[in-house]
2 protein chains.
Amino acid sequence: MTSRTPAETARDIPEATVARLPVYLRALISLIEHGISTCSSEELARAAGVNSAKLRKDLSYLGSYGTRGVGYDVAYLRYQIAREIGVTQDWPVVIVGIGNLGHALANFSGFRSRGFRVVALLDADPARQEESVSGIRIRPFDHLETIVAEHSVAIGVIATPAHAAQDVADHMVTSGIRSILNFAPTVLSVPEGVDVRKVDLSIELQILAYHEQRKTQGESA
Amino acid sequence: MTSRTPAETARDIPEATVARLPVYLRALISLIEHGISTCSSEELARAAGVNSAKLRKDLSYLGSYGTRGVGYDVAYLRYQIAREIGVTQDWPVVIVGIGNLGHALANFSGFRSRGFRVVALLDADPARQEESVSGIRIRPFDHLETIVAEHSVAIGVIATPAHAAQDVADHMVTSGIRSILNFAPTVLSVPEGVDVRKVDLSIELQILAYHEQRKTQGESA
DNA sequence: CTCGGTTTGTTCTCAGGTTCACAAACTCCT
DNA sequence: AGGAGTTTGTGAACCTGAGAACAAACCGAG
Ligand SMILES: NC(=O)c1ccc[n+]([C@@H]2O[C@H](COP(=O)([O-])OP(=O)(O)OC[C@H]3O[C@@H](n4cnc5c(N)ncnc54)[C@H](O)[C@@H]3O)[C@@H](O)[C@H]2O)c1
Ligand SMILES: NC(=O)c1ccc[n+]([C@@H]2O[C@H](COP(=O)([O-])OP(=O)(O)OC[C@H]3O[C@@H](n4cnc5c(N)ncnc54)[C@H](O)[C@@H]3O)[C@@H](O)[C@H]2O)c1
C-alpha cells in the first residue's frame, strides 16, 4: 500500500457513494457515543443499514483505512470520512423564507453539530423582520448579497413558497452561492456549476402511496 | 394498441420512474393552471427538468397515452399518472412528534392538495396535548393503534427525536401501518413488507458540502 | 388521397451501481 | 515460527437506468 498525501486523495468518488458517506459518518458517531473503538465492516454496515460489501467498496474509494483481520478504528475512520465530506470545519449557511418550515429549520440544533452554521435568516416580508429565531434576527431579503460576501457563504437553503423559489435561487447565484438546498416544490434552473438538491415531502409521500396501493391491490385480488 | 383494463396495467414500473412520476404530475398541474391543454414530451420534460427521451420512456410504462405528431392531452395524462401513483383519492396520514418540525408539517397546506389528509397528530409529551395545530388536536401517542384502525391509516410520518424513532416505528408497524416517512436522522429497521423512506436534511447538506469542497479546492490549486 | 412535417414509443448501446466471491493481509494461539 | 481463524480490499458478473436514434403513427394541406 502506498502512502497517500491528502493532496493526492482519489478524485472521483461515485455519486452513490458520496450519498452514503454521511450515513456512515452518523453510524460511526453513534458507535463512539457507545464507547466502541473498533468495528468490522459487517457491524458498521448493519448500523448504517447497507450491505457490507457495498460499505467496504465505498470506503475503499477514500483509501485503505481498515486492517485485515481486525476491522476499522472507529475514531480514525470517522475523521477520514468527515475530512472527505468536508465537514471538519463548519460551513456557513443562509436560510431564505422564514415561515413554518423556515422556523423549524432555524430552531434545528442538528445543524451546528453536523458541520453547518446558520449565519443569517432572510425573509421578504417586513412583518417578519421584527422577529428573532433562536437568537438570530430575521433580516430583509435584499441583504443577501452583503451577507454572502461578508461570511463567504457557499450554501443556501430555500424555504419560500414555490412561486418565489426561482427568484430566490437567481439572487443566490448572483450573490455567489453555488450550492442550494431547495424545500419548495418546484424545479429550479441554475447555471452550470451550481448544485441544487431538493427535499420534497409530497414526492416522498406519493412514492409511498404508489407502493402502498400495490400492496393493497394484491391483497384484495 | 390493445385496450387495457385497469386490472392489467403494467405491473413493474422501475423504481427510478416511480420517483419521477410525482414530478411529472406536478408539472402537468402547473400546465393546467396556465390554461395549456396539450403539450409535447419536449415541453413537459423541460417543465419537469428531465431529458425528453427519459420522459417518454417513463410514460410508456403506464401505457400509450400520447398521440404521435401531436403530443399529450394534459388533463388526461394528469389523471392517468395520478391514478397510477394512487392519489386520485386521499390517503389518511398520522404524524407522530409534534415539535418544531411536526408543527410545520401539520400546518403544511400542500398535504391535502397532493392526495393526503392528516387524520391525527400524536405526541408523547402530555404538555403538548393541550394544543391544537391548524384545527387538529394533539393526542396521546398511545392512541395510535385505535386511530390507525379507525381511519384505516396506511402511512405514518415520524418527526420525533432520533432516539425515539425506532420505538415509534415499531408501534406503527404493530398498529398496521406499512409505509413510513422518517424525518429523524436514524436508520429504522422494519419487517419485510414495510416501506420506509427518509428525509434527511443533514445528509443533503453534507452531499452539497462534499461537492462544494471539491469546487473550492480546484479553484485554489 | 397523398405527401411532408411532427412527435411518440421503442430498440439498442453504454455507463454506473450492486453483489458475490476470494486472494491478500492481519492477529492470536500453540 | 507456523497454522488456524478473521476480515479487508477488489476483480468480475450481474442488474438497473440513461440517452441516442429511428421507425411507426398521426395531422393537415393541397
Ligand atoms: N411546512 C412544511 O412542513 C413544508 C413541508 C414540505 C414543503 N414545504 C415547502 O416549503 C416552503 C415553505 O413552506 P412554509 O410552510 O414554511 O410556507 P410559509 O408560507 O409559512 O413561509 C414562507 C415564507 O417565505 C417568505 N417569502 C415569500 N416570498 C419570499 C421571497 N421572494 N424572498 C424571501 N422570502 C419570501 C414569506 O414571507 C414567508 O415567511 C413551501 O414551498 C412549501 O411548499 C413546507
Ligand atoms: N427541526 C427541523 O428543522 C429538523 C430538520 C431536519 C430533521 N429534523 C429531525 O426531525 C425530528 C424532530 O425535530 P424537531 O426539531 O421537531 O424536534 P422537537 O424536539 O422540537 O420535537 C420532537 C417532538 O417529539 C415528541 N416525542 C418525543 N418522543 C416521542 C415518542 N416516543 N412518541 C411520540 N412523540 C415523541 C416530543 O414530545 C416533541 O414534541 C428530529 O429527529 C430532528 O433531528 C428536524
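Excluded from the calculations below are hydrogen atoms, water molecules and symmetry mates; all remaining heavy atoms, backbone and side chain alike, are included. Just so it is clear, the structure is predicted and the values come from calculations on it, not from any experiment. Chain letters run A, B, ... following the sequence lines, proteins first and then strands; every chain starts at 1.
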Within this structure, what is the CG-to-C1' distance between A/Asp58 and D/dT8, rounded to whole angstrom?
14 Å
Side-chain contact check for B/Ala16: nearest option of D/dG19, D/dG17, D/dT10 is D/dG17
Got a sec? Which of residues 67-74 of chain B come in under 4.0 Å of DNA chain C, heavy atoms?
B/Thr67, B/Arg68, B/Gly69, B/Val70, B/Gly71, B/Tyr72
If I take atom CD in residue B/Glu15 and atom P in nucleotide D/dA18, what distance separates them, rounded to the nearest angstrom?
12 Å
Minimum side-chain heavy-atom gap A/Val96-A/Met172 below 4.5 Å:
yes
Looking at B/Glu42 and B/Ser52, would you say the former's side chain and the latter's main chain have a donor-acceptor pair under 3.5 Å?
no
Between B/Leu77 (CG) and C/dT8 (C1'), how many Å, whole number?
12 Å
Report the residue from A/Tyr72, A/Tyr24, A/Tyr76, A/Tyr79 that forms a ring pair (Phe, Tyr, Trp, His ring centres under 6.0 Å) with A/Tyr65.
A/Tyr76
With respect to the phosphate group of D/dG19, does any side-chain polar atom (N or O) of B/Lys54 fall under 4.0 Å of OP1 or OP2?
yes
Would you indicate, yes or no, if D/dA20 has its OP1 or OP2 atom less than 4.0 angstrom from a side-chain nitrogen or oxygen of B/Asn51?
yes
For atom NZ of B/Lys57 and atom P of C/dT11, their distance in whole Å
10 Å
Just so I know, are the side chains of B/Glu15 and A/Ile207 near enough to count as touching, which here means a heavy-atom distance under 4.5 Å?
yes
Please list all pairs meeting side-chain hydrogen bond (donor to acceptor under 3.5 Å, both in side chains) that have one or both residues in residues 102-113 of chain B, counting only residues at least two apart or in different chains.
A/Asn100-B/Asn107, B/His103-B/Glu131
Is it the case that the side chains of B/Thr17 and B/Asp58 hold a donor-acceptor pair, with the cut-off being a distance below 3.5 Å and no angle test?
yes
Does a side-chain N or O of B/Ser41 approach OP1 or OP2 of C/dT7 to a distance below 4.0 Å, or not?
no
Interatomic distance where CD belongs to A/Gln80 and P belongs to D/dG9 [whole Å]
12 Å
Whether B/Arg56 contacts D/dC22 is assessed here as follows: a side-chain N or O lying under 4.0 Å from the phosphate OP1 or OP2. Is that the case?
no
Rounded to whole Å, the CG-C1' distance (A/Leu55 to D/dT7) equals 12 Å
Which whole-number value in Å describes the distance from A/Leu59 CG to D/dT7 P?
16 Å
Rounding to an integer number of Å, can you tell me how far A/Leu44 CG sits from D/dT8 P?
9 Å
For C/dT7 and B/Ser40 - does any side-chain N or O of the residue sit under 4.0 Å from the phosphate oxygens OP1/OP2?
no
Describe the nucleic acid contact of B/Glu42 in one word from base, sugar-phosphate, nothing, applying a heavy-atom distance below 4.0 Å.
nothing
Pick out which of B/Thr160, B/Leu121, B/Leu122 makes a side-chain contact (heavy atoms from CB on, under 4.5 Å) with B/Ile98.
B/Leu121
